[in-house]
Structure formats: C-alpha cells, structure tokens
Amino acid sequence: MPELPEVETVRQTLTQLVLNKTIKEVKVSLPRIVRSPLLEDFENILPGKSITAIDRRGKFLLFRLSGGWTLISHLRMEGNYGVFASSEPVVKHTHVIFVFDDGTELRYRDVRQFGTMDLMKTDEVDNRPPINKLGPEPFAEDWTSDVFYKKLKSKKKNIKAALLDQEVVAGVGNIYADEILFRSKVAPMVVAADLSKQKAKSIYENTKQVLAEAIEAGGSSVKSYVNGQGKMGMFQQQLFVYQKHGQPCTVCGREILKTRVAGRGTHYCSKCQKS
DNA sequence: ACGATAGCCTGATAGC
DNA sequence: TGCTATCAGGCTATCG
C-alpha cells in the first residue's frame with residue numbers, strides 16, 4: 001500500500017530512469033484509470049512532451065512535463081511503475097504505457113485497478129481536485145506541532161481517522177498511522193479533540209520520525225509494493241504493530257490486538273497505548 | 001458542516 | 001484444479 005514513504009521512493013527511483021525522456025505515444029488499455037481529461041485529449045496532449053521533473057504531493061506523484069503540463073498519478077493500493085525496453089513482453093494488469101522516443105517505455109501496472117491519473121496545466125494543479133483539498137506536507141516548515149494541535153482540536157473523530165484524513169496532514173496511510181500511534185502511546189480510538197497538547201506534540205514528532213525512517217528504508221513492502229526499479233522496501237522489518245496481531249508487543253509483551261477503527265484494520269497494544 | 005459508510009476491484013487465504 | 005466467503009484499503013460519493 002503506497003503511502004508517503006513509498007511514493008517518495010518511487011519518485012526518487014523513477015526520476016533516475018525517465019528524466020528528460022520524450023513521450024512518443026500513450027496506450028491506455030483500461031480507460032477508467034484516466035479520470036481527466038477525456039481519454040481522447042489525454043492521448044492527444046501527451047505525445048511530444050518530455051518529463052522535466054517528478055514531484056510528490058502527499059501520496060500523489062506529479063510528472064512535470066514540457067509545455068506547462070502536469071500528470072498527476074495516484075497508485076492507491078497496488079499501482080506501480082516500471083521502465084522497460086519496448087521489446088519486452090507486457091505483463092498482466094498493465095493498464096497504461098507511455099512509449100518514449102528512445103525505444104523504452106514507462107508502464108503503469110495495477111492489479112486492483114484503483115489507481116488514477118489526471119492531466120492538467122501545471123498552474124491549475126493547486127486549485128483543482130485531487131490536490132486542492134490536501135493538507136500540509138509532513139516535512140513542510142510551516143507544519144508545526146501547534147498547527148497540528150489546533151487542527152485536532154476541531155475534530156470530533158478519533159485520532160486514527162484524523163491521521164488518515166489527508167486534509168489534516170498529507171501522506172499518512174493505514175500502516176504508518178498505526179505505527180505513529182504506537183510510538184506515541186496513544187490508543188487509535190481516542191477522540192482527536194480530547195488529546196492533550198503534549199500528546200499532540202508526540203504524535204506530530206512521531207509522524208515526521210516514522211515517515212523519515214521509512215523513506216530512509218525505501219518504504220514498506222507489506223504486500224506488493226516495489227519501487228520504480230522493481231525493488232522492495234525494507235521498513236516492514238521495523239514495524240511494531242502493523243499486522244503483528246497475535247504476537248507479543250516488543251515493548252511490554254502483551255499480545256498485539258487487531259480491531260476496526262475508522263473502517264480500517266487497526267493494530268495496537270492495549271497496554272502501551274492509553275485511552 | 002461534519003462524520004460515517006458503501007463501493008470500487010482482484011487475488012490471497014481461511015474455513016468448510 | 002474444490003468451492004465460497006472474507007479481507008485487504010485510498011479515495012469519492014452519498015447519506016444522515
């Protein structure tokens with residue numbers, strides 16, 4: 001499940017492989033992946049454009065293209081990119097192929113078919129869906145502990161749901177939400193507005209810490225995630241609670257529990273994490 | 001306005 | 001080559 005650390009790793013690895021390449025042709029075999037603009041326009045605009053940079057916003061990849069265009073790509077659960085020689089066979093579940101003019105291709109594969117692509121002018125990106133509603137980047141200087149605490153004060157939902165809310169902070173998903181709350185010693189079902197300033201600060205700091213460590217490890221390969229070079233991440237070896245239910249907590253020894261919070265599978269230690 | 005939830009989708013797995 | 005139900009979850013639409 002690509003969250004911020006995985007998307008950031010894809011961004012870094014893919015940049016090495018496709019920067020400055022020029023698109024010759026686009027092949028879309030699953031039209032629903034392309035949300036905007038109309039498929040015909042998507043296929044007509046891209047040829048001739050070169051990739052000038054790859055940026056990231058939350059869990060979105062932003063392919064910056066010549067001519068002032070940006071391709072916004074979300075991997076959702078199992079989307080991934082790879083670069084291949086055009087002569088190589090196309091594997092199953094490949095839905096979009098960007099053919100370059102140098103005999104190579106950027107291929108988008110997505111078993112669950114949940115990923116999305118939007119193409120728009122770069123100057124419109126910040127003011128239109130899916131980017132316009134995103135909250136602060138976790139590593140932005142203006143995202144402070146105080147800003148986070150005040151945001152939590154306005155939320156009646158539980159802290160797990162608040163961390164998953166991309167408008168509160170962009171990029172946290174189910175794996176890292178559980179890990180952040182474990183390290184912060186906060187139970188996932190605690191109402192966000194009820195948290196003390198001290199606890200909010202702990203969650204804030206652990207959010208940055210966990211995400212930074214995960215980026216350093218190349219992300220977490222829990223199910224199918226691989227980076228732009230087809231390599232797995234290593235951070236799954238450093239998880240404390242995610243999918244550790246039934247195993248003893250490495251801190252206190254009590255069995256890690258799994259329940260459902262905010263509609264998501266949620267893993268936590270009922271002794272270490274206080275309500 | 002906000003919170004909660006269904007639906008999208010395929011493959012792995014558990015249970016019978 | 002056993003079959004079926006359940007689960008995995010980020011985001012959007014929809015409902016209350």
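Neither OP1 nor OP2 of C:dA8 sits under 4.0 Å from any side-chain N or O of A:R264. The side chain of A:R260 contributes no N or O atom lying less than 4.0 Å from OP1 or OP2 of C:dT6.
Spacing between atom OH of A:Y176 and atom P of C:dG10 amounts to 12 Å, rounded to whole angstrom units. At whole-Å resolution of the value, CD in A:Q236 and C1' in C:dA8 are 17 Å apart. For the pair A:L134 CG and C:dG10 P, the computed distance is 14 Å after rounding to whole Å. Spacing between atom CG of A:N174 and atom C1' of C:dG10 amounts to 10 Å, rounded to whole angstrom units. We find that NZ of A:K133 is positioned 14 Å from C1' of C:dA13, with the value rounded to whole Å. Summarising the geometry, the separation between CZ on A:R35 and P on C:dG10 is reported as 15 Å, rounded to the nearest angstrom. In this structure, A:E167 atom CD and C:dT12 atom C1' are separated by 15 Å, rounded to whole Å. Atom P of nucleotide C:dG10 and atom CE of A:M77 are separated by 6 Å, given to the nearest angstrom.
Counting non-hydrogen atoms under 4.0 angstrom, A:E78 reaches nothing in the nucleic acid. Within the 4.0 angstrom heavy-atom criterion, only backbone atoms of the sugar-phosphate kind lie near A:K92; the bases stay farther away. A:Y242 comes within 4.0 angstrom of sugar-phosphate atoms only, judged by non-hydrogen atoms across all strands, and of no base.
Judged purely by distance below 3.5 Å, without hydrogens or angles, the side chains of A:Y204 and A:Q209 never pair a donor atom with an acceptor atom. A side-chain donor-acceptor contact under 3.5 Å links A:E8 and A:Q12. Looking at A:T104 and A:K21, their side chains do bring a donor and an acceptor atom within 3.5 Å of each other.
Put simply, the side chain of A:D110 does not reach to within 4.5 Å of the side chain of A:N80, judged on heavy atoms. Looking at A:V26 and A:I97, their side chains never come closer than 4.5 Å, going by heavy atoms from C-beta outward.
Nearest-nucleotide positions on DNA chain B for A:H93 and A:S154 put A:S154 closer to the 5' end.
Ranking C:dA8, C:dC11, C:dG10 by closeness to the A:K258 side chain, first place goes to C:dA8.
With a heavy-atom cut-off of 4.0 Å to chain A, the contacted part of DNA chain B has its first and last nucleotide at B:dG3 to B:dG11.
Under 4.0 Å is where a charged nitrogen must lie from a carboxylate oxygen, and between A:D165 and A:K157 at least one such pair does.
Separation of the A:F63 and A:Y81 ring centroids falls under the 6.0 Å cut-off.
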